[in-house]
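Each ligand, and each atom within it, is numbered from 1 in the order the structure gives. Computed from a predicted model, the values in this text were never measured in an experiment.
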Amino acid sequence: MVRHFLTLGALNPGEARGIVARAMALKRAHDLSHRPLVGRTLAMIFAKSSTRTRVSFEVGMAKLGGHALMLTTAQTQLGREEAVADTAKVLSRMCDAIMIRNDSQADQEELARHSRVPVINGLSERHHPCQLLADMQTWFETSGDPAGKVAAWIGDGNNVCASWIEASRLFGFDLRIAAPAEYRPSAEELALGEGAARLVDTPAAAVDGADVVVTDCWTSMGRESEQAQRIRILAPYQVDAALMRRAAPKALFMHCLPAHRGEEVTAEVIDGPHSVVWDEAENRLWAQMALLEFLLL
Ligand code: CP
Ligand code: NVA
């Protein structure tokens, strides 16, 4: 049966750990003769902007010997209301996998239902599972197995936060979430953590002694009209040096990027000694190569 990757929860803990371990092995080996995807094509549908996701999937397919096709919705018939189901049927006759970045998780599920080939969520309004494979790889590489450790999510309880909640269950760490009432993850999203993720009242309570401090932009793509209100409500949730001092001495600072210095994080923190954001960005490449092997080989 064809496997899709629309949420991190599509994997069991052993599979998730296996993909991360494989990502680390691919990175260490950096073997340009490893080309298991010769002749295979990944269709990449983008309804929203991207730097890292687009580049990492395209470069990753090239390194594995395959090819990636950039398809913006505006330049395809999807932008002229061709049905998602019809698009899935056509693309999956010619391509070996489909990656999609859009708003609607329901449209991604519809695409997957009608696709003969794996569909990968490259970000939706609800989830960003590829980001979490890279983030878990970064955690393993820089300070060992996350199991039994503590991460603090600070700020907007958004799509990336929902995937962190799923990661807390799969990788066995505690996730403390500090978010204002307006922007907390829903009860349904929190339940994805099966007890590993919980809300706390303040950023300080989340960060105290934490091994990882993670945040994301305050205004996700598609929310631009709410920007002024979000900056006002989320202002007390900025990750600054004083907040980082409450974390464990060797705590990591993570951010999926793009970042907005002076909003969700200060320059001192994101460009400082705790920050592993460039490793996270690079690991998108290795983690997704491991994911493509998992889904296609
Ligand atoms: N982190 C991330 O997904 O970045 P892009 O929006 O640049 O793809
Ligand atoms: N939460 C952000 C992540 C960008 C990679 C957004 O959805 O825009």
Considering only the protein, which heavy-atom contact is closest to [atom], and what is its distance?
atom                   : answer
atom 6 (O) of ligand 1 : R101 NH1, 2.8 Å
atom 4 (O) of ligand 1 : R52 NE, 2.8 Å
atom 2 (C) of ligand 1 : R284 NH1, 3.3 Å

*Salt-bridged, E189 to R126, with N to O below 4.0 Å?*
yes
*Would you mind checking if E125 and R223 are paired as a salt bridge, meaning a charged N to carboxylate O distance below 4.0 Å?*
yes
*Heavy-atom check, side chain of V265 versus side chain of I154, under 4.5 Å*: no
_Does any part of the side chain of R101, heavy atoms only, come nearer than 4.5 Å to the side chain of T53, both counted from C-beta?_
yes
*Contact check, L257 vs ligand 1, heavy-atom distance below 4.0 Å*: yes
*Heavy-atom contact under 4.0 Å between K48 and ligand 1?*
no
*Mind jotting down which residue pairs meet the side-chain hydrogen bond (donor to acceptor under 3.5 Å, both in side chains) criterion with at least one end in residues 15-27? Sequence neighbours excluded, please.*
R3-E15, R17-D145, R22-H34, R22-E293, K27-E141, K27-N283
_Per the side-chain hydrogen bond (donor to acceptor under 3.5 Å, both in side chains) rule, what does the pair list look like for residues 60-75, sequence neighbours excluded?_
T72-Q75
Show me a pair-per-line table, with atom names and distances to 0.1 Å, of protein N or O atoms that are under 3.5 Å from an N or O of ligand 2.
from     : atom 1 : to   : atom 2 : distance (Å)
ligand 2 : 1 (N)  : N158 : ND2    : 3.3
ligand 2 : 1 (N)  : N159 : OD1    : 2.9
ligand 2 : 1 (N)  : D216 : OD2    : 2.7
ligand 2 : 1 (N)  : S220 : OG     : 2.7
ligand 2 : 7 (O)  : N159 : ND2    : 2.9
ligand 2 : 7 (O)  : S220 : OG     : 3.4
ligand 2 : 8 (O)  : M221 : N      : 2.8

*asked:* According to side-chain hydrogen bond (donor to acceptor under 3.5 Å, both in side chains), who are the partners of Q77, at least two apart in sequence or on a separate chain?
replied: R80
*asked:* Any nitrogen or oxygen of R54, side chain or backbone, less than 3.5 Å from one on ligand 1?
replied: no
_Under 3.5 Å: N/O of L123 near N/O of ligand 1_ = no
*Taking the six-membered ring for Trp, are the ring centroids of W139 and F171 within less than 6.0 Å of each other?*
no
*asked:* Taking the ring of H30 and the ring of W286, is the distance between their centroids below 6.0 Å?
replied: yes
*Give the intermediate values and the outcome of side-chain contact (heavy atoms from CB on, under 4.5 Å) for residues L192 and H127.*
CA-CA 12 Å; L192 297 172; H127 293 274; 3.8 Å; yes
*Against heavy atoms of C256, which atoms of ligand 1 measure under 4.0 Å?*
1 (N)
*T51 heavy atoms, cut-off 4.0 Å: which ligand 1 atoms fall inside?*
5 (P), 7 (O), 8 (O)
